[in-house]
Student: 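Sending over a structure as structure tokens; questions will come in a sec.
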Amino acid sequence: MTVTTLAKQQAAPRSAGPAPARRGRRRTRLIAVLFVLPALLLLGALVVYPVLFSVGRSFFDASGTRFVGGHNYTEMFRDPATLKAIRNTAVWVVVAPALLTGLGLVLAVLVEKVRWATAFKLLLFMPMAVSFLAAGIIFRLAYDEDPDKGVLNAAVTSVHDVFQGTSTYPTARGRTGVLTQDRDGSYRTTASTGQSVTLPMVGVLPADLPRDAAPARTAAAHRAAPGELRGVVYLDFTPGGGGEQGKVDAKESGLPGMKVEAVRDGKTVASANTAADGSFRFAGLPAGPYTVRLPESNFAPPYQGVSWLGPALVTPAIIGAYLWIWTGFAMVLIGAGLSGLPRDALEAARMDGANEWQIFRRITVPLLAPVLTVVFVTLVINVMKVFDLVYIIAPGPVQEDATVLATQMWLVSFGGGNDQGLGSALGVLLLLLVVPAMVFNVRRFRRSQR
């Protein structure tokens, strides 16, 4: 046997080994592909195909039959409504994630010092269980401009009325022919010292008449002394009918709490509030004529609160609803990162004399920077897609003032515009804005895994 033949026989068993190994690897790959195939099919049907279809559809007109190239993209940036949606989306991206991350950080740090931390976290996280539809309805009611319906305006008007007061008779008006109305809404008449004057009012609602109001007949019968100016403000209406206009009848009620001023030469020289029977009295006045005036503050409409859903505040109001939902999410994620911080570094800082603010600013925040970045970027991605809250909370007249890219895409495509070509272009723009944040998050996740 030659040396060559012996070498071939010795080499034969060694070359037979890798073949079964290769077959095993192929089998493993095949099994892996079979397991992954259903997920890939779903991914292709629900994500890849819609994306590719939307990109292709964005190059056609509203009917989808005529190729228009980049016309939809140029039209998108010429449309004032779309430009406003882009500006509002930019406001959302800048404000909402920053506020949520800051609130989540502060709450996560404070919760560690609360005895019932678990219950507190549960309360803050509970809004996450509420759908955006339900949350939108809740805040649409809370932001209602009517203080009898909207809880926020009810609170605002209560505080306002405590410090500023409210008008006594918002619906009252002076009797025509007896009182003269000025441009500012006040009423006036002329009288001299030593006289008594009657100021008849109409239009006072029964609910606005105070319970302590007394009949005005006796007050109207009083005569003024020299150097004195008296009068009565009364409701010139007799229950059940009858009576004479401009004269105080027996059943007619005085209007208590009405502010009355005595004006001379354009200056207010005296003021008083009417008693329960509507009477008022100015004493010690120099002789001569005066203008008896009922200021406009007596008839000012009641304060109705803040127009939360008006053009100026609708976007901040919706962002407030978004904060209510997502603050618990940010707090829990940041709290999880906070629990993993090295406690020896914090204790060492305290032993070195650092106060809690210094520890928070120089140790806690730098160590939590990776977690804060992940939370912030995740919220940016989520904010880009916000739709439900904007569509539900913003009333129809201000829908355009609150619109973002997601709602504008729906409105252009299905909400009356019926232009799927322009809507697809908006969808592609939204995708291009979301992709960088997604790529950043994925890369950061991979680095953390290594």
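The structure displayed is predicted, hence computed values, not measured ones. Numbering of residues begins at 1 and proceeds along the displayed sequence.
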Student: Nearest 0.5 Å, please: how far is CZ in Phe120 from CG in Leu123?
Tutor: 8.0 Å

Student: With a 4.5 Å cut-off on side-chain heavy atoms, are Phe35 and Leu30 touching?
Tutor: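 No - every pair of side-chain heavy atoms lies 4.5 Å or more apart.
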
Student: Mind checking the CG-OG1 spacing from Leu333 to Thr378? Nearest 0.5 Å is all I need.
Tutor: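 Interatomic distance, Leu333 CG to Thr378 OG1, rounded to 0.5 Å: 7.5 Å.
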
Student: Ignoring hydrogens and angles, tell me if any N or O in the side chain of Arg362 forms a donor-acceptor pair with the backbone of Pro366 under 3.5 Å.
Tutor: no

Student: Could you walk me through whether Thr238 and Glu252 pass the side-chain hydrogen bond (donor to acceptor under 3.5 Å, both in side chains) check?
Tutor: CA-CA 5 Å; Thr238 302; Glu252 291 179 341; 3.2 Å; yes

Student: What's the shortest heavy-atom distance between Ala402 and Val390, and which atoms?
Tutor: O-CG1, 3.3 Å

Student: Does Arg78 have more than 12 heavy atoms from other residues, nucleotides or ligands lying within 6.0 Å of its CZ?
Tutor: yes

Student: Roughly how far apart are Leu426 CG and Leu422 CG, rounded to 0.5 Å?
Tutor: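 Interatomic distance, Leu426 CG to Leu422 CG, rounded to 0.5 Å: 5.0 Å.
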
Student: With Leu389 as reference, evaluate Leu133, Ile318, Val404 under the side-chain contact (heavy atoms from CB on, under 4.5 Å) test and give the passing residue.
Tutor: Ile318

Student: Main chain of Leu255, side chain of Tyr234: is a donor-acceptor contact present, judged purely on distance under 3.5 Å?
Tutor: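 Not confirmed, Tyr234 side chain does not pair with Leu255 backbone.
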
Student: Working to the nearest 0.5 angstrom, can you tell me the gap between Thr171 OG1 and Phe299 CZ?
Tutor: 10.0 Å

Student: Classify the ring geometry of Tyr303 against His160: parallel below 30°, tilted from 30° to 60°, perpendicular beyond 60°.
Tutor: parallel

Student: Return the CG to CG distance between Leu338 and Leu367, rounded to the nearest 0.5 Å.
Tutor: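 If we round to the nearest 0.5 Å, Leu338:CG and Leu367:CG are 10.0 Å apart.
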
Student: Yes or no on side-chain contact (heavy atoms from CB on, under 4.5 Å) for Asp146 and Asn153, after CA distance, side-chain angles and deciding distance?
Tutor: CA-CA 7 Å; Asp146 186 353; Asn153 267 342; over 6 Å; no

Student: Between Thr403 and Gln399 (side chain of the first, backbone of the second, donor and acceptor by atom type, cut-off under 3.5 Å), is there such a pair?
Tutor: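 A pair under 3.5 Å: no.
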
Student: Taking Asp344 for the side chain and Ala348 for the main chain, is one N or O donor matched with an acceptor at less than 3.5 Å?
Tutor: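 A pair under 3.5 Å: no.
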
Student: Which heavy atom of Gln304 sits nearest a heavy atom of Pro147, and at what distance?
Tutor: OE1-CD, 3.2 Å

Student: For Tyr391, is the OH atom crowded, meaning more than 12 foreign heavy atoms sit under 6.0 Å from it?
Tutor: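 No, not enclosed.
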
Student: In this structure, are over 12 heavy atoms from other groups packed under 6.0 Å from Met128 atom CE?
Tutor: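 It does: Met128 CE has more than 12 such atoms within range.
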
Student: Kindly say whether Ser58 contributes a backbone atom to a donor-acceptor pair with the side chain of Asn72 at under 3.5 angstrom?
Tutor: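 Indeed, once roles are kept as given, a pair shorter than 3.5 Å links the two residues.
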
Student: Carefully, step by step, assess Leu429 and Met76 under the rule side-chain contact (heavy atoms from CB on, under 4.5 Å).
Tutor: CA-CA 10 Å; Leu429 174 63; Met76 180 172 61; 4.0 Å; yes

Student: State whether the side chain of Thr274 and the backbone N or O of Gly257 hold a donor-acceptor pair below 3.5 Å, judged by distance alone.
Tutor: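 Yes, the answer is positive, given that a donor and an acceptor are paired below the 3.5 Å cut-off.
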
Student: Could you tell me whether the side chain of Ser279 and the main chain of Ala219 form a donor-acceptor pair under 3.5 Å?
Tutor: no

Student: Does Val292 reach the side chain of Val260, with side-chain heavy atoms less than 4.5 Å apart?
Tutor: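 Heavy-atom side-chain distance check passes, below 4.5 Å.
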
Student: Closest heavy-atom contact between Ala216 and Val232?
Tutor: CB-CG2, 3.8 Å

Student: Quick one, Arg188 and Leu179 - any side-chain contact, counting heavy atoms below 4.5 Å?
Tutor: no

Student: Please evaluate residues Leu124 and Trp324 with respect to the criterion side-chain contact (heavy atoms from CB on, under 4.5 Å), reporting the C-alpha separation (whole Å), side-chain torsions for both, the decisive distance (0.1 Å), and the verdict.
Tutor: CA-CA 8 Å; Leu124 285 178; Trp324 178 75; over 6 Å; no

Student: Where do Asp249 and Arg217 land on the salt bridge (Lys or Arg N to Asp or Glu O under 4.0 Å) test, with the steps shown first?
Tutor: CA-CA 6 Å; Asp249 297 308; Arg217 185 65 175 269; 5.5 Å; no

Student: Is there a donor-acceptor contact under 3.5 Å from the side chain of Asn88 to the main chain of Asp401?
Tutor: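 Yes; judged by distance alone, with no hydrogens or angles, the pair exists.
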
Student: Of all residues at least two apart in sequence or in a different chain, which pass the side chain to side chain contact (heavy atoms under 4.5 Å, CB included) check with Ser186?
Tutor: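 Checked Ser186 against side chain to side chain contact (heavy atoms under 4.5 Å, CB included); matches are Asp182, Asp184, Arg293, Glu296.
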
Student: Counting only heavy atoms from other residues, nucleotides and ligands, does the tally under 6.0 Å from CZ of Arg350 exceed 12?
Tutor: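 Yes.
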
Student: Is the side chain of Gln358 donor-acceptor paired with the backbone N or O of Asn355 at a distance under 3.5 Å, no angle test?
Tutor: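 Yes: the side chain of Gln358 pairs with the backbone of Asn355.
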
Student: Grab the two heavy atoms, one from Thr101 and one from Ile334, that are nearest each other, plus how far apart they are.
Tutor: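 Closest approach of Thr101 to Ile334: O-CD1, 3.7 Å.
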
Student: Restricting to non-hydrogen atoms, name the atom on Ala81 and the atom on Gln408 that form the minimum distance, rounded to 0.1 Å.
Tutor: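 Nearest heavy atoms, Ala81 then Gln408: CB-NE2, 3.7 Å.
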
Student: I would like to know whether Tyr290 and Phe282 meet ring-ring contact (aromatic ring centres under 6.0 Å, His included); could you show each step before the answer?
Tutor: CA-CA 11 Å; Tyr290 290 86; Phe282 299 121; 8.5 Å; no

Student: Around Phe53, counting heavy atoms of other residues, nucleotides and ligands shown, do more than 12 lie under 6.0 Å from its CZ?
Tutor: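 Not more than 12 within 6.0 Å, no.
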
Student: Do Gln245 and Asp236 come close enough that some side-chain heavy atom pair is under 4.5 Å?
Tutor: yes

Student: Check the pair Leu313 / Leu309 against side-chain contact (heavy atoms from CB on, under 4.5 Å), numbers first and verdict last.
Tutor: CA-CA 6 Å; Leu313 293 178; Leu309 299 182; over 6 Å; no

Student: Over all heavy atoms of both residues, which pair between Ile393 and Gly136 is shortest? Give the atoms and the distance, please.
Tutor: CG1-O, 3.5 Å

Student: Quick one, Trp326 and Val375 - any side-chain contact, counting heavy atoms below 4.5 Å?
Tutor: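 No - every pair of side-chain heavy atoms lies 4.5 Å or more apart.
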
Student: Can you tell me how far CZ of Phe414 sits from CD of Gln420, rounded to the nearest 0.5 angstrom?
Tutor: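 Output value for this atom pair is 5.5 Å.
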
Student: Does any non-hydrogen side-chain atom of Ile381 lie less than 4.5 Å from one of Met438?
Tutor: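 They are in contact (side-chain heavy atoms under 4.5 Å apart), so the answer is yes.
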
Student: Ignoring hydrogens and angles, tell me if any N or O in the side chain of Arg175 forms a donor-acceptor pair with the backbone of Leu199 under 3.5 Å.
Tutor: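 Between the backbone of Leu199 and the side chain of Arg175 there is no qualifying donor-acceptor contact (under 3.5 Å).
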
Student: Counting heavy atoms not belonging to Glu400, are there more than 12 under 6.0 Å from its CD?
Tutor: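 12 or below, so no.
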
Student: Report yes if some heavy atom in the side chain of Pro97 is under 4.5 Å from a heavy atom in the side chain of Leu100; otherwise report no.
Tutor: no

Student: What I'd like to find out is whether the side chain of Asp61 reaches to under 4.5 Å of the side chain of Thr65, using heavy atoms alone.
Tutor: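 Heavy-atom side-chain distance check passes, below 4.5 Å.
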
